[in-house]
Amino acid sequence: MASAPKNSTLKHPSPTPRKSSEDIGEKQVCRSISIRMIRHSESQNNQVYRDARRIFKGGTPEFDLQGWIKYVDDRRSADPGLSAMGEVQAEKLAGYLEPHLRNQASSPVRFVVSPMKRTLLTILPTLTRLNEGSGGEACDVIINGFYHESEGCHTREEVEPGMNAEQINKILELSGVKASYVGFQNGEENGWYSHGDGPETRPESEERAAKFYLWMVEFLDQQLYEAEEQNQEDVFDAGVTLPEEEHERDHDRFGPRTRRRRTAIFVGHGDFMSLVLKRIVAGFGHAVEKESIPHRSAFVHTNTGITELEYFGNGKFLIMSSNQTPHLSGPDDGHLITGGSLKDGWSYLMPNDNFLLDAEVAIAFSDEVQPHVQEQTGALRSLYLSKGVGSNSFIADMNHLDVTDAADRDASNELTVVVNRGLQVVGCASLDEKTGRLSDVVIRPSARRSQAAESLIEAVKSHARQSQKVEKIVVQPKTDEGRAFFKKMGFEFVNDVGQYSEDGTCENIRMECKL
């Protein structure tokens, strides 16, 4: 994040009342498209996995892995339809979306749908209801071959081609929709996964998520540009209330709107939606921490869970709500909420610590540190070097400079050394290449169980030897634990006489390590 120019005042936005029509000429107009990302209804495979977890005691010490694998292999389909529960969920979803979109969305509503059978059958009742009496003009449907679920289409790891356009059209024909097709890599006359040579790997899923995200942003940007050029009335600043709209309530999903909005519905899959949402949140930033390893964060969606977003162009999104099921909120609908709990296997998306917690050390001049690293190192120093937060209880407080010492620091010579676990910073230090002074050493308390502190100091010593700019590294630890740690790392006392303060720190003891 860029810092504010000198002598400027940084103003932070805060929630404000609705803008009135008089504000339009005074403030930036923020036109947006309304987005819904919806997970499919419960599939036959979802039911198979749910039953297997119950039968074979998944997640318990008695888990029967071999029994689970055989049960799933015997019943799993490469491209399943909906379970009986899923069919009910799809009808409930249509009962919510049809009046909502008729009253509040412009026509046609844009639908982007995965080519898999369960997503098509999930949105089919909605398309059918919306298209009644419209001559097929109420819905603009794109079947996107990049939007399928992770792992692709396979049975016992044997590739299946998936449906082609003709087969998909047969499913959609009852709705009166004529779909268009993109992302079929061998052409729409062939199956959407006919290019596959095996189950999709995690890196391949991530690569495809990046591709779909780029397609999604371009798809939405084109609509914004065309709406502006052609002065289309359904793309506008929805934060502005016109006089004739004063009676409308923002959170009323069914009330008619004076101005109906451009709306896009993306119907997809739980895991792949999470990969796309990570990129939406990261904004072209860090969506992958380590190749082949799932990210440490994920988005969970129940079956037919809805995430609402606003798109403002050029990759700018607001997430308005996540994983909502207003269509399953009736007093007798609780049993219809499926697929969104830990018992449904979402915890398996969390990476194994053996892979994620591998420590890596990075060194850069302090003014060249990446913004996300700078933010974390600043937070570490602010939290653990401040008095009263773990003071004198762990290594994090062992080497903090006084204000008078800090005034002598030359930023042009200062290096920042960090220990990363993926994209997470767990330790950092500052090294002055001119004086050899090591300062602001911070290690998260939970990271002390690993070798993060040792890795940090060894990297500092290795860099100093290679640079040949200093003959020794000097530290000023303030706690007994700090002094013991640096002694273990090869530092010797320069003087061991100091004056202890009331909080147990000692200001004058210095240690050095000759290179």
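Taking a cutoff of 4.0 Å between a charged side-chain nitrogen and a carboxylate oxygen, Glu245 and Arg259 qualify as a salt bridge. Here Arg262 does not pair with Glu226 in a salt bridge; the nearest charged N to carboxylate O distance is not below 4.0 Å. For the pair Arg31 and Asp234, the salt-bridge criterion is not met [side-chain N within less than 4.0 Å of a carboxylate O]. We find that Glu206 and Arg279 are joined by a salt bridge, their nearest charged nitrogen and carboxylate oxygen being less than 4.0 Å apart. Using a 4.0 Å cut-off between charged side-chain N and carboxylate O, Arg36 and Glu308 make a salt bridge. Remark: Glu42 engages Arg50 in a salt bridge, criterion side-chain N to carboxylate O under 4.0 Å. A salt bridge is absent between Glu204 and Arg208: the closest approach of a Lys/Arg side-chain nitrogen to an acidic carboxylate oxygen does not fall below 4.0 angstrom. Salt-bridge formation is not detected for the pair Lys70/Asp73: no Lys NZ or Arg NE/NH1/NH2 atom is positioned less than 4.0 Å from an Asp or Glu carboxylate oxygen.
If you look at Phe146 and His148, their ring centroids are not closer than 6.0 Å.
Note on ring orientation: taking the six-membered ring where Trp is involved, the planes of Tyr193 and His195 are perpendicular (angle over 60°, cut-offs 30° and 60°).
Applying the salt bridge (charged side-chain N to carboxylate O under 4.0 Å, His left out) rule to pairs touching residues 175-195 yields nothing, sequence neighbours excluded.
When all heavy atoms of Asn314 and Tyr225 are compared, the closest pair comes out as OD1-OH, 3.1 Å. When all heavy atoms are compared, the tightest approach of Asp237 to Cys30 is OD2-N, 3.0 Å.
Proximity of a side-chain donor or acceptor of Thr122 to a complementary backbone N or O of Arg118 within less than 3.5 Å is detected. Looking at Ser205, its side chain does come within 3.5 Å of a backbone N or O of Thr201 through a donor-acceptor pair. Remark: the backbone N or O of Asn164 is paired with a side-chain donor or acceptor of Gln167 at under 3.5 angstrom. Between the Ser43 side chain and the Asn45 main chain, a donor and an acceptor come within less than 3.5 Å of each other. In terms of modelled atom types and a separation under 3.5 Å, the side chain of Asp252 and the main chain of Gly255 share a donor-acceptor contact. Between the side chain of Ser329 and the backbone N or O of Pro326 there is at least one donor-acceptor pair closer than 3.5 Å. Between the side chain of His154 and the main chain of Pro199, no donor-acceptor pair closer than 3.5 Å is present.
For the residue pair Ser150 and Glu200, no side-chain donor N or O sits within less than 3.5 Å of a side-chain acceptor on the partner. Side-chain contact, Ser41 with Thr304: no donor N or O sits under 3.5 Å from an acceptor N or O. A donor atom on one side chain and an acceptor atom on the other are found under 3.5 Å apart for Asp221 and Tyr311. In summary, the side chains of Asn303 and Thr338 do present a donor paired with an acceptor at a separation below 3.5 Å, with no hydrogens or angles considered. Thr258 and Glu244 form no side-chain donor-acceptor contact under 3.5 Å, judged by distance and modelled atom types alone.
Annotation: cation-pi pair Arg75/Tyr71 present, NZ/CZ under 6.0 Å from the ring centroid and within 45° of its normal.
In this structure, the side-chain contact (heavy atoms from CB on, under 4.5 Å) partners of Pro99, at least two apart in sequence or on a different chain, are Phe254.
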